[in-house]
Amino acid sequence: MSNLFDFKGNEEFGYSQPPPIEDPQRVKASIPTTLLRKERAQWPTASEPELVRHYTWLSRRNFGIDTGFYPLGSCTMKHNPRLNERIVQLAGMNDIHPLAPENHLQGLMAIFYEMQDMLAHCSGMDSVTLQPVAGAQGEFTAIRCIQEYHRTIGEEHRDKVIVPDSAHGTNPASAAMCGYSIIEIPSGDDGRLDLDALRAVVGDDTAAMMITNPSTLGVFEPDIAEAASIVHEAGGQMYYDGANFNAIIGRTNPGLMGFDAVHYNLHKTFSQPHGGGGPGSGPIGVKEHLAKFLPSPLVSRRPSEEGEIGVGDGWWYEWEEPENTIGKVQQWHGNAGAVVRSWALYRRYGRELTTMSEHAVLNANYLRYKIMNPSPEIRDKIHAMPADGCPADVVKHEFTLSMTPLVEAVGVNGKDVAKRLLDYGYMAPTLYFPMIVPECLMIEPTETESKEELDRFAENFHAVLSEDPEILTTAPHNTDVKRVDEVWAARNLILRYEH
Ligand SMILES: *Cc1c(COP(=O)(O)O)cnc(C)c1O
């Protein structure tokens, strides 16, 4: 290859490069020969129409919330208003540099301030940082703050974190990454917290308890305040996994339940495209006694002074670093774009966010009722039953079904049902989680689905259960990719594009 930028030959390129800013030969001369390619890179070549077709084709092979119902429990896959995208793309948001000085960032900082304020308010916390970029990172950050708190008050010998067996895997993982050992406590037969089991394990080695409410079974824990006082009396801290905040926002909050720290999954509760790994945002909120350990960014404000031209609301916004900060957990200002999208949703709906959680709960209960009460003609064909011990009055925004009776009757398992649902044009529900429900399917419809969509899903769900087992065990049949061998795929990962 004689020229770095010389794309000659009969290949076609459906894109154009800006002209090089430097003489290509000089660039090439500055690269050590050992690092130069010996042969030309095997980039795919295509004309513009071919390129457009390729990506459109790929997008149609993909399933997303914009193509169909996505009842993936615990993940809160709801509609992402396009208005959020418009707002985050405004030049004042999109084109700013993270190193820009405060007087260039007043608008964004005002948004950050409002977001901190709103999150603190709706969770009953005193202080919020927007830095962590995922729920899991929020957990790690908050547990580190709790760890520093214990250290500061001479309680560093506390080395255990308690989690219920229904917890999301990130809870024990985050605590373990902070060096804690994990104590798992079993749930009661009704899927709820077993207070005697909790009493049996708390002690002066308890650093914290991590729990989500409603739990991953979608069940609200009415004894949560009692659990909090058991842990507090032993000197431990209470950590709220806020991934299920969509179920309670506006109706109650973790502060009222007795929690000291909480994370929010902005990409779940406050809508933004997620799945496939991001970008998300997992701010944390804490009570006063933990606030001085938070990482920045924290935005504070004071009345603006003469000559300070801010956003015109009479305030001047400033970055603030808490006194005993545990340090940065993420570069720059976290995932600022994710914060702006969630702020857009909050500014659009405000107090109506209460209606959001009410509808999320209503939809889940409606769908659960529809699935559990099929028409008489097919009742005897339905072998799936709900997980035992989920009284209807405590089910919130999601619910679990156990496919064990189906396995016993016809040898069809939860995975087969999930795969067959793909043929009907649905994303499969969350499968085999929480692990305490055997053959578990976990369904979260969210507030953005209509009654008609829920009726259709229940009808199709019943249709799947009444099909010939052979059809289910070999499903999916209508998708581009048929049933894959997950073990083979995991052992033989193909990560390279081969021309
Ligand atoms: C999604 C989820 C988490 C982790 O959040 P990420 O943003 O995916 O890191 C933690 N707990 C529960 C219950 C969740 O559903």
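Just so we're clear, the structure is a prediction, and the values are computed from it rather than from any experiment. Just follow the structure's listing: the first ligand is 1, and inside any ligand the first atom is 1. Just the heavy atoms: all of them, side chains too, but no hydrogens, waters or symmetry mates, feed the values below.
Remark: minimum distance from atom 11 (N) of ligand 1 to any protein heavy atom is reached at D241 OD2, 2.6 Å. Nearest protein neighbour of atom 6 (P) of ligand 1, counting heavy atoms only, is G135 N, 3.5 Å. Remark: minimum distance from atom 5 (O) of ligand 1 to any protein heavy atom is reached at N265 ND2, 2.9 Å. The nearest protein atom to atom 9 (O) of ligand 1, hydrogens excluded, is given as A136 N, 2.8 Å; this is a heavy-atom distance.
Looking at Y426, Y424, Y70 one by one, the single match for ring-ring contact (aromatic ring centres under 6.0 Å, His included) with F457 turns out to be Y426. The one candidate from N265, N84, L353 that meets the side chain to side chain contact (heavy atoms under 4.5 Å, CB included) condition with F270 is L353.
We find that D117 and R301 are not joined by a salt bridge, their nearest charged nitrogen and carboxylate oxygen being 4.0 Å or further apart. Between R347 and E114, at least one side-chain N (NZ, or NE/NH1/NH2) sits under 4.0 Å from a carboxylate O, which counts as a salt bridge. Using a cut-off of 4.0 Å between Lys/Arg side-chain N and Asp/Glu carboxylate O, K160 and E184 are scored as not salt-bridged.
Among the atoms of A134, none of the N or O lies under 3.5 angstrom from an N or O of ligand 1. Close N/O approach between H263 and ligand 1 is not found [any backbone or side-chain N/O within under 3.5 Å]. Any N or O atom pair closer than 3.5 Å counts here, and N244 shares no such pair with ligand 1. Any N or O atom pair closer than 3.5 Å counts here, and T216 shares no such pair with ligand 1. Taking any N or O of S74, backbone or side chain, at least one lies under 3.5 Å from an N or O belonging to ligand 1.
The closest approach between K268 and ligand 1 falls below 4.0 Å for a heavy atom of the residue. E139 counts as a contact of ligand 1, since one of its heavy atoms falls under 4.0 Å from the ligand.
One distance of note links CD of Q237 with CG of L290; it measures 5.0 Å at 0.5 Å rounding. Here the CG atom belonging to D260 is positioned 10.5 Å from the CG atom belonging to D126, to the nearest 0.5 angstrom.
Only the side chain of A243 comes within contact range of ligand 1, with a heavy atom under 4.0 Å; no backbone atom does.
The closest side-chain donor-acceptor pair between D205 and H157, if any, does not fall under 3.5 angstrom.
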